[in-house]
Amino acid sequence: MKIFMESLYEAANRCLQTCEIEEKLRLTQQTATAWRKGLFSLESANNPEPIDEPGRPARPGLVTPGNVPKRRLGTKSGLVALIHAVIHIEFNAINLAWDAVYRFRYLPEKFYSDWIHVAEEEAYHFQLLRKRLNAFGHDYGDLPAHNGLWEMAKKTAFDPMVRMALVPRVLEARGLDVTPGIIKRLHSTGEVETVAILEIILRDEIGHVKIGSHWFKYFCDKRGLSSDETFRELLKQYYTGQLSGPFHYEARQQAGFTAIELKALENMEISKS
């Protein structure tokens with residue numbers, strides 16, 4: 001007798017669509033644990049729905065990047081703005097990981113294991129940052145935030161290769177460039193608790209971007225494409241934001257960037273300056 005197993009895709013979509021924060025965190029852990037126990041199938045009677053807005057709470061309000069509060073690290077309000085900006089990235093990253101699991105079908109099991117692992121770690125980061133934000137008398141949603149990460153998710157929903165190239169390896173990888181400098185500045189102000197959290201996030205994010213690099217190159221290899229050339233072309237075609245250095249070469253190399261890809265990023269920075 002065939003035992004019915006729930007589809008991983010439906011479980012991932014449930015995590016993705018849940019709006020309430022505590023429920024999203026709970027479902028993320030529950031689904032990850034069930035996947036490791038082999039309790040899901042990779043079959044589904046339904047195709048993925050066209051990408052739309054993910055499940056998220058009513059707050060924070062979404063504004064253009066230029067209207068996000070300034071992050072002056074020498075002040076309490078600036079530090080709160082920094083932590084809030086990072087926690088918003090982490091919340092988006094939970095949704096991005098679950099969308100990758102839900103949207104892209106018939107791939108190796110390792111693809112799903114990798115992105116479920118990312119969802120778990122992003123949820124952990126969110127909880128660390130939320131506790132720190134609470135210590136300052138604030139919570140996630142108290143300040144406005146922007147929607148840049150999810151806008152790129154929409155643009156790349158049609159192809160996992162394009163998603164891997166541009167979400168983890170361009171937008172999320174910016175954290176590899178800027179976080180070391182933020183950590184250094186916070187050290188000078190004695191903000192040791194926030195520094196400790198950012199050091200955990202930086203370590204884990206190198207791994208997340210490396211996962212993006214691995215699967216981007218996997219898709220390129222499957223299609224007989226040069227990953228270096230494809231990355232350069234996708235940057236030109238889809239990325240219209242401002243790229244600004246300096247780039248953290250050591251962290252990016254640990255995360256799977258080649259010298260040619262780093263040069264492509266440099267050239268994009270020059271062309272947009």
Side-chain angles (χ1 to χ4, degrees), residues 65 68 71 82 85-97 99-100 111 114-115 117-119 121-122 125-126 129 145-157 159-184 197-220 227-273:
V68 173
R71 307 163 199 172
L82 168 70
V86 179
I87 197 174
H88 180 64
I89 291 170
E90 299 301 322
F91 189 84
N92 269 284
I94 299 169
N95 281 333
L96 285 163
D99 187 72
F111 178 89
D114 280 349
W115 289 107
H117 173 71
V118 170
E121 288 195 337
E122 304 291 18
H125 299 165
F126 179 91
L129 290 163
H146 71 79
N147 203 30
L149 268 175
W150 196 256
E151 290 303 320
M152 184 61 82
K154 288 182 177 179
K155 292 179 183 178
T156 59
D159 188 334
M161 182 186 75
V162 181
R163 170 73 64 87
M164 295 297 110
L166 297 177
V167 173
R169 305 190 83 230
V170 176
L171 296 188
E172 293 185 276
R174 290 301 292 147
L176 308 188
D177 301 325
V178 302
T179 304
I182 294 171
I183 288 172
K184 185 177 180 180
I197 295 169
L198 291 180
E199 286 176 339
I200 291 169
I201 291 174
L202 177 60
R203 177 200 68 201
D204 292 346
E205 292 299 338
I206 290 173
H208 299 174
V209 177
K210 187 173 183 178
I211 287 170
S213 294
H214 169 81
W215 289 107
F216 169 62
K217 288 168 186 177
Y218 167 88
F219 293 121
C220 287
S227 58
D228 287 332
E229 181 62 30
T230 302
F231 183 65
R232 183 164 55 239
E233 290 304 314
L234 290 174
L235 273 177
K236 291 178 183 177
Q237 186 174 355
Y238 288 99
Y239 188 68
T240 58
Q242 180 64 48
L243 281 170
S244 58
F247 301 108
H248 196 298
Y249 292 98
E250 181 182 355
R252 282 182 176 268
Q253 286 168 338
Q254 290 175 22
F257 281 82
T258 67
I260 294 173
E261 288 173 326
L262 290 170
K263 188 67 176 177
L265 289 169
E266 288 177 350
N267 290 340
M268 286 289 288
E269 177 191 11
I270 292 168
S271 69
K272 293 180 181 294
S273 61

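Shown here is Lys154, whose NZ atom has more than 12 heavy atoms of other residues, nucleotides or ligands within 6.0 Å.
Scanning for side-chain hydrogen bond (donor to acceptor under 3.5 Å, both in side chains) contacts around Glu90 gives His125, with sequence neighbours left out. Ile89 pairs by the side-chain contact (heavy atoms from CB on, under 4.5 Å) definition with Leu149, not counting sequence neighbours. In terms of the salt bridge (Lys or Arg N to Asp or Glu O under 4.0 Å) criterion, Asp228 has no residue partners (sequence neighbours excluded). Asp159 pairs by the salt bridge (Lys or Arg N to Asp or Glu O under 4.0 Å) definition with Arg223, not counting sequence neighbours. With sequence neighbours excluded, no residue forms a side-chain hydrogen bond (donor to acceptor under 3.5 Å, both in side chains) with Trp115. Every residue meeting the ring-ring contact (aromatic ring centres under 6.0 Å, His included) condition with Phe91, not counting sequence neighbours, appears here in chain and number order: Phe126, Tyr140. Residues passing the side-chain contact (heavy atoms from CB on, under 4.5 Å) test with Gln253, sequence neighbours excluded: Leu262. Looking at residues two or more places apart in sequence or on another chain, you find a side-chain contact (heavy atoms from CB on, under 4.5 Å) between Lys217 and Arg169, Ser227, Thr258, Glu261. Shown here are the side-chain contact (heavy atoms from CB on, under 4.5 Å) partners of Thr156, two or more places apart in sequence or in another chain: Met152, Val162, Arg163, Leu166, Val167. Residues meeting the side-chain hydrogen bond (donor to acceptor under 3.5 Å, both in side chains) test with Glu233, sequence neighbours left out: none. The side-chain hydrogen bond (donor to acceptor under 3.5 Å, both in side chains) check on His248 picks up nothing, with sequence neighbours excluded. Residues passing the salt bridge (Lys or Arg N to Asp or Glu O under 4.0 Å) test with Glu250, sequence neighbours excluded: none.
For the pair Pro160 and Phe219, the minimum side-chain heavy-atom distance is below 4.5 Å. Proximity of Trp150 to Leu96: side-chain heavy atoms (C-beta onward) are separated by under 4.5 Å at one or more points. Within the 4.5 Å cutoff, the side chain of Leu82 has heavy atoms near those of the Ile182 side chain. Taking 4.5 Å as the limit, every side-chain heavy atom of Asp99 sits out of range of all side-chain heavy atoms of Asn95. Looking at Thr230 and Met161, their side chains come closer than 4.5 Å, going by heavy atoms from C-beta outward. In this structure the side chain of Leu234 never reaches within 4.5 angstrom of the side chain of Val170, judged on heavy atoms. Taking the side chain as every heavy atom from C-beta outward, Ile260 and Phe231 never approach each other to under 4.5 Å. Pro168 places none of its side-chain heavy atoms less than 4.5 Å from the side chain of Ile211.
His88 places a side-chain N or O within 3.5 Å of a backbone atom of His146 that can act as its donor or acceptor partner.
The two residues Asp177 and Pro246 come nearest to each other via the heavy atoms CB-O, 3.8 Å. Residues Leu171 and Gly148 share a closest heavy-atom pair of CD1-O, 3.9 Å. Scanning all heavy atoms of the two residues, the minimum distance from Pro180 to Gly175 falls at CD-O, 4.1 Å. Ala100 and Phe111 make their closest contact through O-CE2, 3.6 Å (heavy atoms, listed as atom of the first residue, atom of the second, distance). Shown here for Leu198 and Thr179, the closest heavy-atom pair between the two residues is O-CG2, 4.1 Å. In this structure, Ala97 and Val118 approach most closely via the heavy-atom pair CB-CG1, 4.1 Å.
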Output, in order, the C-alpha distance, side-chain angles, deciding distance and verdict of side-chain contact (heavy atoms from CB on, under 4.5 Å) for Arg174 and Phe247.
CA-CA 8 Å; Arg174 290 301 292 147; Phe247 301 108; 3.6 Å; yes
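When only modelled atom types and interatomic distance are considered, His208 and Glu121 share a side-chain donor-acceptor pair under 3.5 Å.
Atom CD1 of Ile201 is separated from atom CG of Leu129 by 4.0 Å, given to the nearest 0.5 angstrom. The CD atom of Gln254 sits 12.0 Å away from the OG atom of Ser213 when rounded to the nearest 0.5 Å. To the nearest 0.5 angstrom, Met164 atom CE is 11.0 Å from His214 atom NE2.
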